[in-house]
Amino acid sequence: MTTAILECISTLSISAQQLRRLPKLLESGLLKKMPSTLKDSDVPNLFREPYIQTGYRPTDQDWKYYFLSLFQKHNESVNVWTHLLVALAVLLRFRAFIETETFTWSALSIPLVLYVLASLTYLTFSILAHLLQSKSELAHYTFYFMDYVGVSTYQYGSALAHYYYSSHQAWYDKAWPFFLPGAALLGWMSCVGCCYAKYRYERPYPVMRKVCQVVPAGLAYVLDISPVVHRIIVCSMDECSDRAVWYHSLQIFFFVISSYFFSCPVPEKFFPGGCDIIGHGHQIFHLFLGLCTLSQLEAVLLDYKDRHEHFTARYSPTSTQISCLSFFLLIFCTSLTAFYLRQKIKQQLDKKDL
């Protein structure tokens, strides 16, 4: 995987001379004119994070400022760059796979393409949320609602990949009637839970907000990962040497770590103000979630390449195409949910401004 990514990076046409000029250009021009970051006491309560005391960007600036803040040092910088680099790695790895392996655009490849699309969707929406949410209160809610749509899309894209490429026959025989409908429903509920929690609760957030976020997403993950867990157990019992199983084990390991840092404000809780720019829990969550995605991608690519016979024995092209249409139906439903709650927020903000 690393070799393939490095080979792709080497094909980029940006010269070393241009790269050397970029920091000087930013420092002498654009960044020097940008507003300085602020303390937590200088921004509205909505934008503050527990135990993060500095590095906040001012609100109500031009959109250009927030896009250019990609190159500024603030408390969202690492959140943006971690997922930006992972998105680039996913693109490069998939491109390398298409170019070097036996890949054909057919019913067999549809779940794989949708999985990669889902991964890029959640990464892109996460980047936009952390980069642009400081613009205004409405922008804050809008981009985080988009982020939650991306998360549910990724959940279901992962479910499709695990179902079609990674599941063991014994698991498939028992789970096929309910797995994809259940994954779609829980993916939508995950989006609803996160959007509602954002809409309903204000800072300082009560425990119930985290419950609304974590419980539906946790249930979705338990179902989505079930074919992989079953396969790991079977492989362990049979003492098999399947490389994909090793990567699947890694993705679970990284996800468990990321979940802990998502749920708990550590280490910043123990060092208030000491982890503002780099090192706070959400950044660590992003890092391990990115590693989870890259491990999962590698496992799915190996399964796609090595388990064609399982796919062709179980699924017809027509049934696969029909099942994959549910991917776009889920995106429609979650987007509609997010848009509805965004309109409710907009009405509240309009009343507040009167």
Side-chain angles (χ1 to χ4, degrees), residues 1 86-87 89-91 93-98 101-123 150-169 171-172 175-176 178-187 190 217 220-232 235 242-255 289-315 317 319-331:
M1 178 177 68
V86 171
V90 168
L91 277 172
R93 180 65 184 105
F94 188 54
R95 175 187 169 188
F97 181 81
I98 291 175
E101 302 293 342
T102 306
F103 179 87
T104 56
W105 294 95
S106 64
L108 174 64
S109 64
I110 294 175
L112 176 62
V113 173
L114 292 183
Y115 162 71
V116 173
L117 178 62
S119 300
L120 293 174
T121 298
Y122 105 80
L123 290 165
V151 169
S152 68
T153 301
Y154 175 59
Q155 288 171 340
Y156 193 61
S158 298
L160 284 172
H162 294 162
Y163 177 76
Y164 280 104
Y165 305 127
S166 305
S167 59
H168 190 274
Q169 187 63 42
W171 176 92
Y172 173 80
W176 73 266
F178 65 84
F179 178 74
L180 287 182
L185 177 62
L186 289 174
S190 176
Y221 181 76
V222 169
L223 180 62
D224 297 345
I225 203 67
S226 61
V228 170
V229 171
H230 178 269
R231 179 145 159 241
I232 291 172
C235 183
D242 189 340
R243 274 206 310 149
V245 169
W246 187 80
Y247 282 108
H248 279 306
S249 301
L250 270 184
Q251 70 145 315
I252 295 173
F253 174 73
F254 288 138
F255 182 83
L289 186 60
L291 292 172
C292 168
T293 300
L294 294 177
S295 301
Q296 181 188 44
L297 174 63
E298 195 63 25
V300 169
L301 293 179
L302 287 169
D303 285 338
Y304 172 86
K305 182 175 68 171
D306 298 337
R307 307 181 85 235
H308 280 209
E309 69 280 1
H310 296 278
F311 186 97
T312 54
R314 295 177 190 168
Y315 316 110
S319 66
T320 302
Q321 292 166 4
I322 293 174
S323 296
C324 289
L325 285 175
S326 59
F327 176 82
F328 300 100
L329 180 61
L330 175 68
I331 294 177

Please round to the nearest 0.5 Å and tell me the distance separating atom [atom1] of [X] and atom [atom2] of [Y].
X: Gln155; Y: Thr153; atom1: CD; atom2: OG1; answer: 9.0 Å
X: Tyr165; Y: Leu160; atom1: OH; atom2: CG; answer: 9.0 Å
X: Leu180; Y: Cys324; atom1: CG; atom2: SG; answer: 8.5 Å
X: Leu289; Y: Phe255; atom1: CG; atom2: CZ; answer: 7.0 Å
X: Ile331; Y: Ser152; atom1: CD1; atom2: OG; answer: 8.0 Å
X: Trp246; Y: Cys235; atom1: CH2; atom2: SG; answer: 13.5 Å

Do you know which of Tyr315, Trp171, Tyr163 makes side-chain contact (heavy atoms from CB on, under 4.5 Å) with Trp176?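 Answer after filtering Tyr315, Trp171, Tyr163: Tyr163.
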I need the single residue from Leu301, Asp303, Leu117 that forms a side-chain contact (heavy atoms from CB on, under 4.5 Å) with Leu112. Which is it?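 For Leu112, the side-chain contact (heavy atoms from CB on, under 4.5 Å) test succeeds with only one of Leu301, Asp303, Leu117, which is Leu301.
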Walk me through whether Tyr247 and Val300 qualify under side chain to side chain contact (heavy atoms under 4.5 Å, CB included). CA-CA 9 Å; Tyr247 282 108; Val300 169; over 6 Å; no
Evaluate the ring planes of Phe97 and Tyr304, with Trp represented by its six-membered ring, and classify them as parallel (under 30°), tilted (30 to 60°) or perpendicular (over 60°). perpendicular
[X] to [Y] - nearest heavy-atom pair and separation:
X: Ala118; Y: Gly157; value: CB-CA, 3.9 Å
X: Tyr154; Y: Ser119; value: CE1-OG, 3.5 Å
X: Val90; Y: Leu297; value: CA-CD2, 4.0 Å
X: Gly182; Y: Leu223; value: C-CD2, 3.4 Å
X: Phe179; Y: Ser226; value: CE1-OG, 3.9 Å
X: Pro111; Y: Tyr164; value: CG-CD1, 3.6 Å

Determine, using ring centers only, whether Tyr115 and Phe94 are less than 6.0 Å apart. no
Is the distance between the ring centroids of Phe103 and Trp105 under 6.0 Å?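 Centroid separation for Phe103 and Trp105: below 6.0 Å.
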Between the main-chain N or O of Ser167 and the side-chain N or O of Arg307, is there a donor-acceptor pair closer than 3.5 Å? yes
So, does Ser323 use its side chain to make a donor-acceptor pair with the main chain of Thr320 at under 3.5 Å?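 Flag not set: sc Ser323 to bb Thr320 has no pair under 3.5 Å.
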Is it true that Thr293 and Tyr122 share a donor-acceptor pair across their side chains at a distance under 3.5 Å?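 Checked: Tyr122/Thr293 side chains pair up, N/O donor to acceptor below 3.5 Å.
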Going by atom types alone, do Ser158 and Tyr221 pair a side-chain donor with an acceptor below 3.5 Å? no
Ser109 side chain near Ser106 side chain, heavy-atom distance below 4.5 Å: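 Yes - at least one pair of side-chain heavy atoms lies under 4.5 Å apart.
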Quick check: do Gln296 and Val228 have side-chain heavy atoms less than 4.5 Å from each other?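 No, every pair of side-chain atoms sits at 4.5 Å or beyond.
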Apply side chain to side chain contact (heavy atoms under 4.5 Å, CB included) to the pair Arg314 and Gln169, showing each step before the final yes or no. CA-CA 9 Å; Arg314 295 177 190 168; Gln169 187 63 42; 3.1 Å; yes
Does Ala87 have any side chain to side chain contact (heavy atoms under 4.5 Å, CB included) partners at least two apart in sequence or in another chain, and if so, which?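 Side chain to side chain contact (heavy atoms under 4.5 Å, CB included) check on Ala87 returns Leu120, Leu123.
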N-O pairing of Arg243 and Glu298 below 4.0 Å: no
Hey, is Arg231 close enough to Asp242 for a salt bridge, meaning N to O under 4.0 Å? yes
Which residues pass the salt bridge (charged side-chain N to carboxylate O under 4.0 Å, His left out) test with Asp224, sequence neighbours left out? none
Pair Gln321, Leu325 - check side chain to side chain contact (heavy atoms under 4.5 Å, CB included), show working. CA-CA 6 Å; Gln321 292 166 4; Leu325 285 175; 6.0 Å; no
Checking side chain to side chain contact (heavy atoms under 4.5 Å, CB included) for the pair Leu294/Val86: CA distance, chi angles, key distance, verdict? CA-CA 7 Å; Leu294 294 177; Val86 171; 4.3 Å; yes
